[in-house]
Amino acid sequence: MSASLREPILDWYAEHNRDLPWRRPDATPWGILVSEIMLQQTPVARVLPIWTEWMERWPTPEALAKESPGEAVRHWGRLGYPRRALNLHACARAITADHAGRVPSTYDELRALPGIGDYTAAAVASFAYGGSHAVLDTNVRRVLARAVRGEEYPPKAPTAAERRLAESLVPPVGAPRWAVAVMELGALVCTARAPRCERCPVTAQCAWRLAGRPAHDGPARQGQTYAGTDRQCRGRLLAVLREAHGPVPKDALDAVWADHVQRERALDGLLDDGLAEVLPDGTYQLPS
DNA sequence: GATACGTGGAA
DNA sequence: TTTCCAAGTAT
């Protein structure tokens, strides 16, 4: 029954997919891996320019592996979650050292790389190498929650039931295309805020629409404020290091955040995370 | 399982 | 202006 979702969604994708550079036939496994890490919790529109710059600068894992981790963080710019830049750099070094410079092709090998979890391992194995995996990202989870479970939103964290459902839908042939098609539907039509059900290829069989699009009942998800948080403080401090050409004196960091206690805590966090380092003379810089 | 982790665009 | 949230992962 839910297998009847496949054809309409695949047909819809054939006509409406976006032309993204990491989806083109000439995209390399490395380019696909870089895109997947950059896309974690980050919109396509913001990834596009950074991905393009990265691929020109570091077209292979070896090229990035030769750089310092700090250069990866610097060119990450304001994409957010800068530990991902560190992860990508560590991936490049691991791929160079342990995989002869080739991005590994199996789920398990990919999963063992830093910053690559269940979603990213499945996505890279699927999109770069044609593997058959259930690719369960937030878009897919939302589409299945609505179309099959009849609920507006999926649970907060992926459940075993969701995995079973996603796995049951993986077609025997063309798993990667199916995965990208459902993701695209979630990204363009079955969106979180204002779904475009009138443009949806499976609107006639969508359990949520058939139930009258009932609103999510459970507790509203906690929207975390950003202003004044440690996160924002870390962002400010790292921005100073990123934009500086060399080591910066402590004064330069002190200048961007008033609360001394919070500022010291955030700076310690950056040092602990390897996003910054302190030199013997007490100045700070991105990791060398 | 809950929490920490950035950023900026859209509603 | 405030809130939501975008191809998650690690602890």
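All values below come from the heavy atoms of this structure, side chains included, with hydrogens, waters and symmetry mates left out. The chains referred to below are lettered A, B, ... by the order of the sequence lines, with proteins before strands, and numbering in each begins at 1.
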Item checked: Residue A:Glu36, side-chain atoms from C-beta onward, closest of C:dA7, C:dC5, B:dG8 -> C:dA7

Next item on the list: Please tell me which of the listed nucleotides, B:dG6, C:dC4, C:dA7, lies nearest to the side chain of A:Arg193?
Entry: C:dC4

Checklist line | Side-chain (A:Gln232) to main-chain (A:Gly228) donor-acceptor, under 3.5 angstrom | finding: yes

Check: Mind checking whether A:His16 and A:Trp12 have parallel, tilted or perpendicular rings, split at 30° and 60°?
Finding: parallel

Next item on the list: Please determine if a side-chain N or O atom of A:Arg141 lies less than 4.0 Å away from the OP1 or OP2 oxygen of C:dG8.
Entry: no

Margin query: Is it the case that over 12 heavy atoms from other parts of the model lie below 6.0 angstrom from the NZ atom of A:Lys250?
Written below: yes

Margin query: Mind checking if A:Trp22 touches a base, just sugar-phosphate, or nothing, with heavy atoms under 4.0 Å?
Written below: base

Check: Which nucleotide, B:dT7, C:dC5, C:dA7, lies nearest any side-chain atom of A:Asp137?
Finding: C:dA7

Check: When the nearest nucleotide of DNA chain B is assigned to A:Gly77 and to A:Ala157 on a heavy-atom basis, which residue is associated with the more 5' position?
Finding: A:Ala157

Next item on the list: Using the P atoms only, state how far C:dA7 lies from B:dA11, rounded to an integer number of Å.
Entry: 15 Å

Notebook entry, point to check: To the nearest angstrom, how far is A:Glu152 atom CD from C:dC4 atom P?
Noted result: 13 Å

Checklist line | Euclidean distance, atom CD of residue A:Glu162 to atom P of C:dG8 [Å, nearest integer] | finding: 13 Å

Note to self: Need one value for A:Arg265: base, sugar-phosphate or nothing, where a base atom within 4.0 Å counts as base even if backbone is also close, heavy atoms only.
What the structure shows: nothing

Next item on the list: Considering just the side-chain nitrogens and oxygens of A:Arg46, establish if one lies under 4.0 Å of OP1 or OP2 belonging to B:dT7.
Entry: no

Checklist line | Inter-residue atom distance A:Leu113.CG - A:Arg93.CZ, 0.5 Å rounding | finding: 14.5 Å

Notebook entry, point to check: Contact class for A:Val47 (heavy atom, under 4.0 Å): base, sugar-phosphate, or nothing?
Noted result: nothing

Distances under 3.5 Å between protein N/O atoms and the N/O atoms of nucleotides 9-11 of chain C, please, pair by pair.
| from | atom 1 | to | atom 2 | distance (Å) |
| --- | --- | --- | --- | --- |
| C:dT9 | OP1 | A:Gly117 | N | 2.8 |
| C:dT9 | OP1 | A:Gly117 | O | 3.4 |
| C:dT9 | OP1 | A:Thr120 | N | 3.0 |
| C:dT9 | OP1 | A:Thr120 | OG1 | 2.8 |
| C:dT9 | OP2 | A:Tyr119 | N | 3.3 |
| C:dA10 | OP1 | A:Gly115 | N | 2.9 |

Next item on the list: Mind checking A:Leu20 for me? I need base, sugar-phosphate or nothing, with any heavy atom below 4.0 Å counting as a touch.
Entry: base

Check: Taking CE from A:Met38 and C1' from B:dT7, how many angstroms apart are they, rounded to a whole number?
Finding: 15 Å

Checklist line | Length of the line joining A:Leu144:CG and C:dA7:P, which is rounded to integer Å | finding: 14 Å

Notebook entry, point to check: Would a distance-only check, ignoring hydrogens and angles, find a side-chain to backbone donor-acceptor pair under 3.5 Å from A:Tyr153 to A:Ala192?
Noted result: yes

Check: To the nearest Å, how far apart are A:Gln41 CD and B:dA4 C1'?
Finding: 12 Å

Check: To the nearest Å, how far apart are A:Arg236 CZ and B:dG8 P?
Finding: 11 Å

Next item on the list: Name the nucleic acid region contacted by A:Arg234, choosing base, sugar-phosphate or nothing; use a 4.0 angstrom heavy-atom cut-off, strictly under.
Entry: sugar-phosphate

Next item on the list: In whole angstrom, give the distance that lies between atom NE2 of A:His133 and atom P of C:dA7.
Entry: 21 Å

Check: How would you label the contact of A:Thr42 with the nucleic acid (heavy atoms, under 4.0 Å): base, sugar-phosphate, or nothing?
Finding: base

Margin query: Closest approach to the side chain of A:Pro82, judged atom by atom: which nucleotide of B:dT7, C:dA7, B:dG6 is it?
Written below: B:dG6

Checklist line | Interatomic distance where CZ belongs to A:Arg196 and P belongs to B:dA11 [whole Å] | finding: 8 Å

Checklist line | Salt-bridge criterion met for A:Arg23 and A:Glu184 (N-O under 4.0 Å) | finding: yes

Notebook entry, point to check: Can you find a side chain N or O atom of A:Tyr81 that sits less than 4.0 Å from OP1 or OP2 on C:dA6?
Noted result: no

Note to self: Using a strict threshold of under 4.0 Å (side-chain N to carboxylate O), is an ion pair present between A:Arg164 and A:Glu167?
What the structure shows: no

Next item on the list: Using the side chain to side chain contact (heavy atoms under 4.5 Å, CB included) rule, pick out the option among A:Ile50, A:Ile37, A:Leu39 that qualifies with A:Leu79.
Entry: A:Ile50

